Amino acid sequence: MARTQKNKATEYHLGQLKAKIAKLRTQLLEPPKGSSGGGDGFEVTKFGHGRVALIGFPSVGKSTLLTMLTGTHSEAASYEFTTLTCIPGIIHYNDTKIQLLDLPGIIEGASEGKGRGRQVIAVAKSSDIVLMVLDASKSEGHRQILTKELEAVGLRLNKRPPQIYFKKKKTGGISFNSTLPLTHVDEKLCYQILHEYKIHNAELLFREDATVDDLIDVIEGNRKYMKCVYVYNKIDVIGIDDVDKLARQPNSIVISCNLKLNLDRLLAKMWEEMGLVRVYTKPQGQQPDFGDPVVLSADRGGCTVEDFCNHIHRSLLKEVKYVLVWGTSARHYPQHCGVSHLLNDEDVVQIVKKKDKEGEGRGRFKSHSTAPARIADREKKAPLKQ
């Protein structure tokens, strides 16, 4: 494929080859039938409001970074593969608890199982964000190698899911539509890729100018799109011009664990990428409770008032009449909102519940009668004797 010229005559052939490679790679990654998963995994119990995984080559400073950010001791030495299992730690930042995982170093060929790379990447898949720790003094090729290994097992870093609607059907053939002109694929190429997967009845709608790889990802359906921050460690051994060049790259942070440089900016960048929303509760007639916030996120349920109520208790949503919101999401203080209102960070919310129907009214207007509300439902008295 690398030696094949890319033009109109070969694009259909290249599209079919990409589909075949993706299909065969998926079959290779599947465990053999009847196997019971030998060996111990690296998975640890989820804890806190978010999970961050440290991924990188051996001896780039992952264990030192975990020790400095969390206080949890992770053995660090001058030889490679010092860390042989997953070591968790907790970061206390902005009234939240973030779980940080120190994973063993991965090498080239990890997606094929070298160096227990599959188990390491499987734990990274369960995290909310990936910190790719790189050695600033090494070549730029390490970043491409790690990205390639993660993409081989279905991880897409700093990408959003393609706007392609795909649904299999039982009959009716293939329905192809698009809402804009397509420059990378056409109807014939899509038909060939679907036939390669033995799909002959489906609906396909393009809402963006997607590529062949995007279409294959949608058909496979097992891709995970994650945010990734590239952390360049050991900047104290390179020149200031190289540090400036690395710092200006997108989604990149330069640090030095040896001199404790720029660690606060790393935490701020990690907080920004995770998008956690702290919501404080306010009981009726009392001051807000700023001690223990309810932490929401778009990746874990959502950030609306409905998600906030479900986070407190499942049955609370049925009793909500309206909510009062103070903060940046409100137009005025307080604002009466419904359950679909989107909350921002550090908002204050007061929930007003519905009142029981039996207790309606006040004072002498309070009704204690158990009589039916409608006249037609009242019990008719016997007619008077004439």
Side-chain angles (χ1 to χ4, degrees), residues 43-52 88 90-101 125-129 160-161 224-227 267 270-363 365-374 377:
E43 183 61 33
V44 295
T45 305
K46 278 193 175 185
F47 180 81
H49 305 111
R51 172 182 271 200
V52 180
I90 301 297
I91 301 174
H92 296 271
Y93 188 74
N94 285 347
D95 295 330
T96 61
K97 297 176 183 177
I98 301 172
Q99 188 180 41
L100 187 65
L101 302 180
K125 270 190 174 183
S126 67
S127 61
D128 300 314
I129 185 174
R160 58 179 181 83
K224 183 164 184 185
Y225 297 84
M226 298 184 64
K227 294 179 181 177
L267 289 174
M270 189 170 65
W271 174 267
E272 177 188 341
E273 292 293 333
M274 293 185 74
L276 297 180
V277 175
R278 294 164 293 170
V279 182
Y280 299 98
T281 56
K282 181 185 180 301
Q284 197 166 1
Q286 300 179 28
Q287 292 295 323
D289 179 18
F290 291 112
D292 188 16
V294 176
V295 182
L296 308 172
S297 73
D299 297 332
R300 292 191 177 190
C303 301
T304 62
V305 173
E306 182 179 357
D307 304 318
F308 170 74
C309 295
N310 288 331
H311 195 279
I312 296 174
H313 199 275
R314 289 286 181 186
S315 63
L316 181 60
L317 192 62
K318 300 176 183 178
E319 304 174 11
V320 173
K321 185 177 182 181
Y322 61 89
V323 295
L324 299 175
V325 178
W326 293 261
T328 55
S329 68
R331 296 180 182 177
H332 49 81
Y333 302 143
Q335 180 180 347
H336 286 240
C337 301
V339 294
S340 61
H341 178 75
L342 191 64
L343 298 170
N344 290 346
D345 191 26
E346 294 187 312
D347 278 359
V348 177
V349 173
Q350 176 184 327
I351 297 175
V352 180
K353 293 185 178 180
K354 299 174 184 176
K355 293 183 179 179
D356 296 332
K357 291 185 178 181
E358 295 180 2
E360 287 183 353
R362 291 185 179 180
F365 299 104
K366 194 169 183 179
S367 174
H368 295 281
S369 175
T370 57
R374 295 193 309 169
D377 294 337

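Since the structure is predicted, the reported quantities are computational estimates derived from the model, not experimental observations.
For the atom pair CD (Gln99) and NZ (Lys46), the distance works out to 9.0 Å, reported to the nearest 0.5 Å. Atoms CZ and CG, on Phe47 and Leu101 in that order, are 12.5 Å from each other to the nearest 0.5 Å. Rounded to the nearest 0.5 angstrom, Cys309 SG and Leu317 CG are separated by 5.5 Å. Residue Ile98 holds its CD1 atom at 9.5 Å from NE2 of His49, rounded to the nearest 0.5 Å.
Within a 6.0 Å sphere centred on NZ of Lys353, heavy atoms belonging to other residues, nucleotides or ligands number 12 at most. With a 6.0 Å radius and a threshold of 12 heavy atoms from other residues, nucleotides or ligands, Lys97 has its NZ atom at or below the threshold.
Each of Thr281, Asp347, Val277 was compared with Phe308 under the side-chain contact (heavy atoms from CB on, under 4.5 Å) criterion, and only Thr281 meets it.
The shortest distance between side-chain heavy atoms of Arg300 and Leu296 does not fall below 4.5 Å. Inter-residue side-chain proximity for Met270 and Ile91 is flagged as met; some heavy-atom pair is nearer than 4.5 Å. Contact annotation: the side chain of Met274 never approaches that of Ser297 to less than 4.5 Å [non-hydrogen atoms, C-beta and beyond]. Residues Ile351 and Glu319 form no side-chain contact, since every pair of their non-hydrogen atoms from C-beta on lies 4.5 Å or further apart. The closest side-chain heavy-atom distance from Met226 to Ser127 is below 4.5 Å.
Phe290 pairs by the ring pair (Phe, Tyr, Trp, His ring centres under 6.0 Å) definition with Tyr280, not counting sequence neighbours. With sequence neighbours left out, Asn94 forms a side chain to side chain contact (heavy atoms under 4.5 Å, CB included) with Trp271, Arg278.
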What donor-acceptor contacts under 3.5 angstrom involve side-chain atoms of residues 335-344, with partners at least two apart or in another chain?
residue: Gln335; atom: OE1; partner: Arg331; partner atom: N; Å: 2.7
residue: His341; atom: NE2; partner: Ser329; partner atom: OG; Å: 3.1
residue: Asn344; atom: ND2; partner: Thr328; partner atom: OG1; Å: 3.3

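Lys227 and Ile129 get closest at one heavy-atom pair: O-CG1, 3.4 Å.
The backbone N or O of His313 lies less than 3.5 Å from no partner atom in the side chain of His311, so there is not a single donor-acceptor pair.
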